[in-house]
Amino acid sequence: MDAQLPALVIVVPLLAALLVPLAGRRAAWGLVALALLLAFAGCVRLLVRAHALPEGEAIRYALGGWAAPVGIEYVVDRLNALVLTMLSGVAFLVALWMRRSTAREIRPPAVTGYYSVFLLMAAGLMGITITGDVFNLYVFLEIASITAYVLIAMGRRRQALYAGYSYLILGSLGATFILLGIGHLYMATGTLAMADIAAVFAREPQLYDSSVIRTAFAFFTVGLALKMALFPLHGWQPGAYAEAPSATSVFLAATATKVSAYALYRVAFTVFGVRFLETGLPVVRDALLVMACSAIVVGPLLAIRQHDLKRLLAYSSVGQIGYVVLGLALHNADGLTGSFLHFWNHAAAKGALFCVAGALAYRAGTTQVAALKGLGRRAPLTAMLLTVAACSMVGVPLTAGFLTKWYLARGALEAGQWAVIPVLLASSLFTAVYAWRLLQLAWFADEDGPVAEDVPWSMRAPSLVLGAACLVLGVAPLALPVAQAAAEALL
Amino acid sequence: MSVLEIVAAAAIGLGSLLMLATAFGVAVFPDFYTRLHAAGKGDTLGQALVLAGLLCLGGDLTLVVKLVLIVFFIFIFNPTATHALARAGWVSGIVPWVRGGQDPGAPREPGA
Amino acid sequence: MPDAGGPLLPPAGPAAAVPGPAAFADVLGWLATHYNYAIYILLMMIGLYAVLAKGNLVKKVIGLNLLQTAVFLFYLSIGKIDGATAPVVWTDRPPGAEGVPYENPVPHVLMLTAIVVGVSVTAVALALVVRIREAYGTVDEGEILASDEAQEEAESARAEAQEAAADAAGARE
Amino acid sequence: MRSTDSLIVRYIARRSVPFIQLYALYVLGHGEDGPGGGFQGGVIFASSFVLLGLANGWGYGRRAAPARLLDPLLPLGCLIYLGIGLAALLAGGAFLEYGALAGSDDPEVRRHWHHYGLIGIEVGVMVTVSAAMATLFFEMARPARVQARVDRVGEEADRA
């Protein structure tokens with residue numbers, strides 16, 4: 001079975017997604033949790049195996065027994081093993097968390113459908129991460145996106161429908177650009193397997209000067225930037241995160257845009273090669289640097305003005321994706337390490353924060369920021385979770401967020417991009433402003449009246465795991481060697 | 001050139017001519033019903049003639065059976081579709097065109 | 001993809017050539033031989049215009065479909081070779097034999113997949129439009145946004161009042 | 001969608017259903033060595049129900065293809081696909097390596113099993129596609145009075 005793991009981590013959630021509607025309402029949730037637990041275990045095993053391999057090698061799996069240039073290949077190396085573990089781990093925690101939340105937010109007849117689509121989306125996201133074929137990447141990207149549109153539109157308010165629709169339009173636009181990028185790439189190289197394309201580039205370096213290749217890269221960048229909601233292209237994102245059902249918000253915010261960012265890393269480093277960023281089309285690298293920096297500053301600034309907690313967190317995500325992309329623009333070991341750390345750090349922090357928003361929706365039926373007042377007295381554990389996660393977002397030392405900023409700052413200095421340092425500081429300041437507003441309401445604005453019930457343990461425990469991850473990843477940097485190894489493997 | 005080939009050429013030529021006439025009719029006829037008339041009649045016979053011509057050219061048995069079946073179904077389904085369309089037009093209140101008569105675009109009471 | 005059969009042909013033939021910066025006459029010559037690329041760009045621009053500029057949600061979906069169709073055309077143009085046959089296996093004459101060039105089947109297979117994806121996206125989009133129409137009574141983007149804004153304003157005014165009250169309570173402590 | 005009052009249209013639509021479905025199976029069977037396959041066959045198969053719905057009214061078509069039947073078929077087709085892939089995996093090959101289903105190394109036998117596997121997944125594709133297409137049509141064309149009843153049931157379930 002060990003040899004079959006790369007296929008199994010995708011197939012098991014997929015299989016469960018199809019079994020859930022047949023299994024009926026009672027068994028559905030258990031099936032979801034079991035499938036994602038198995039996938040998580042498989043991903044951890046893949047992570048261990050990928051790190052045991054010597055530098056530059058990867059676990060390869062040929063689907064259907066067709067070898068790489070002809071068939072589709074699944075490749076697990078250090079970078080995507082890291083992303084896969086994050087993905088399946090968060091998916092498993094959200095699956096545990098969502099039972100009571102969906103019972104309150106989704107119409108009972110639609111719950112099994114919701115679970116099924118949720119699993120499909122998890123499988124799609126993992127497929128994007130694991131595939132070694134650019135066209136297969138597009139197909140998985142669309143599976144993950146189409147399911148995301150559905151999961152968003154299932155929100156209670158009618159605004160969810162429009163949010164899902166506008167995400168659909170912009171997401172499909174992005175996907176079309178990516179498809180065009182793949183077409184241009186195929187036109188110039190005549191192959192679709194990532195490793196094969198990279199080999200063509202190594203054989204014919206003059207291709208870097210071809211306008212077809214440059215067009216391809218531009219299409220990839222714009223398309224994936226749309227999908228990951230990088231700053232000027234983030235229009236769909238706040239509405240989608242704010243209006244979606246709580247469980248969707250947690251999962252989307254913790255994973256979805258980061259997987260698109262991973263796809264950009266994969267395309268830029270594995271397919272085009274790091275030399276292309278430096279010599280082939282430096283203007284895209286500079287543009288990404290500018291976009292990432294503006295996202296880092298503007299995201300929290302926009303968040304300060306919001307009254308809805310989920311919308312506030314969504315704008316903060318607009319800023320946080322900037323950290324993930326910044327490493328690509330810096331493309332040195334420390335910068336990449338910082339960004340790769342952020343794959344885990346942000347998933348933990350933003351996942352925990354959206355869990356708080358979900359708890360608020362569960363308990364108070366609203367996600368207005370004002371509903372936070374008195375949280376410290378009524379639900380101290382949830383309030384502590386909010387505190388820890390918010391500190392991690394600000395980048396307080398000893399939390400996970402600090403490590404990200406530390407390594408990104410070191411990477412910026414190394415790359416000679418001094419201007420990035422004030423950007424990081426300003427962003428921390430703005431983040432602190434809205435974080436303080438939340439904490440002040442939660443701990444100090446007391447409310448008279450009876451103490452309401454807290455969320456059930458089935459919701460509290462998984463969110464506390466996410467909160468604990470924020471601390472553990474910061475105090476005992478487990479992820480650091482993994483991220484460093486992934487960064488070195490790419491360069 | 002065998003007799004069959006001559007027959008085939010004649011049938012295909014006539015069929016093509018009919019289909020051309022159909023296209024012409026759809027383009028120039030004045031209203032929904034007359035256009036439908038052109039499309040329904042001309043197209044059915046035109047297609048059937050072309051296929052019959054191909055039938056004369058022969059081929060293996062499966063091909064012949066397929067062609068016969070296609071002709072058979074065209075003769076059933078084309079008129080049915082035309083009938084359904086005309087009826088739908090009538091029910092939704094489209095007035096048939098009359099030479100020198102009322103304005104063809106004028107609304108008519110449904111079902112009148 | 002493995003079922004496409006035949007070896008992978010690198011894109012060849014005149015259609016795969018890349019236009020460089022060219023004089024006007026060259027552009028005309030390029031148009032004459034590569035008109036399918038010109039059509040693809042034109043179709044794509046029309047689709048993009050409809051997606052971005054139309055207020056009607058259904059028209060946006062139509063624009064999206066146009067955009068996708070343009071991409072299909074682009075892909076099929078990549079695989080096209082002038083005078084080549086279809087890559088179908090003949091029992092008496094295998095493709096590639098006797099110097100008969102055959103078109104690259106891979107873009108066709110890719111587009112088959114992309115068409116399925118496009119159909120799925122369209123289905124979800126139309127389903128959403130139906131639901132939006134039920135919820136808002138309109139499929140016009142401007143009206144939907146205006147209706148949302150009115151609701152949003154009322155809600156945020158209420159929220160601000162609540163927050164102010166909470167602040168005041170905090171100050172009293 | 002009302003039933004048409006034309007006897008001809010209703011009769012022809014009803015009688016043509018088996019022919020359409022037979023043709024769908026024909027297209028399915030030819031997918032391996034010609035134009036056709038599960039997707040196309042599935043769409044043609046679904047079109048027979050669409051025709052019934054158009055000619056004889058929404059309710060008539062929906063009774064021929066009820067949600068009770070179609071909803072389980074949607075995942076079932078995909079399950080056939082995945083199941084064959086997994087069976088190949090369990091037989092010692094890679095995922096979807098149909099040749100491994102043969103359980104022998106004889107290339108001739110493996111080639112045969114490759115064909116069986118391919119036809120099997122095409123059947124799976126056809127089941128899902130036809131169920132999906134018919135569901136899409138009937139859900140989108142649902143008349144207002146049926147919609148009202150569904151909403152009422154949903155609200156009652158919400159309250160419960």
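Everything numeric in this text was worked out from a predicted model, so none of it was measured. Proteins get letters first, then strands, A, B, ... in listed order; numbering begins at 1 in each.
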Using 0.5 Å steps for rounding, measure from the [atom1] atom of [X] to the [atom2] atom of [Y].
X	Y	atom1	atom2	result
A:Leu120	D:Cys78	CG	SG	8.0 Å
A:Ile10	D:Leu82	CD1	CG	11.5 Å
A:Leu18	D:Tyr81	CG	OH	12.0 Å

Query raised in the report: If you take all heavy atoms of D:Leu79 and A:Leu15, which pair is closest and at what distance?
Result: CD2-CD1, 3.6 Å
Query - Shortest non-hydrogen contact between A:Tyr61 and D:Phe95, atoms and distance - result: OH-N, 2.6 Å
Report task. Select one option (side chain, backbone, both, neither) describing which atoms of D:Leu74 are under 4.5 Å from chain A's heavy atoms. Result -> neither
Query - Side chains of D:Leu89 and A:Leu8 in contact at under 4.5 Å (non-hydrogen atoms) - result: yes
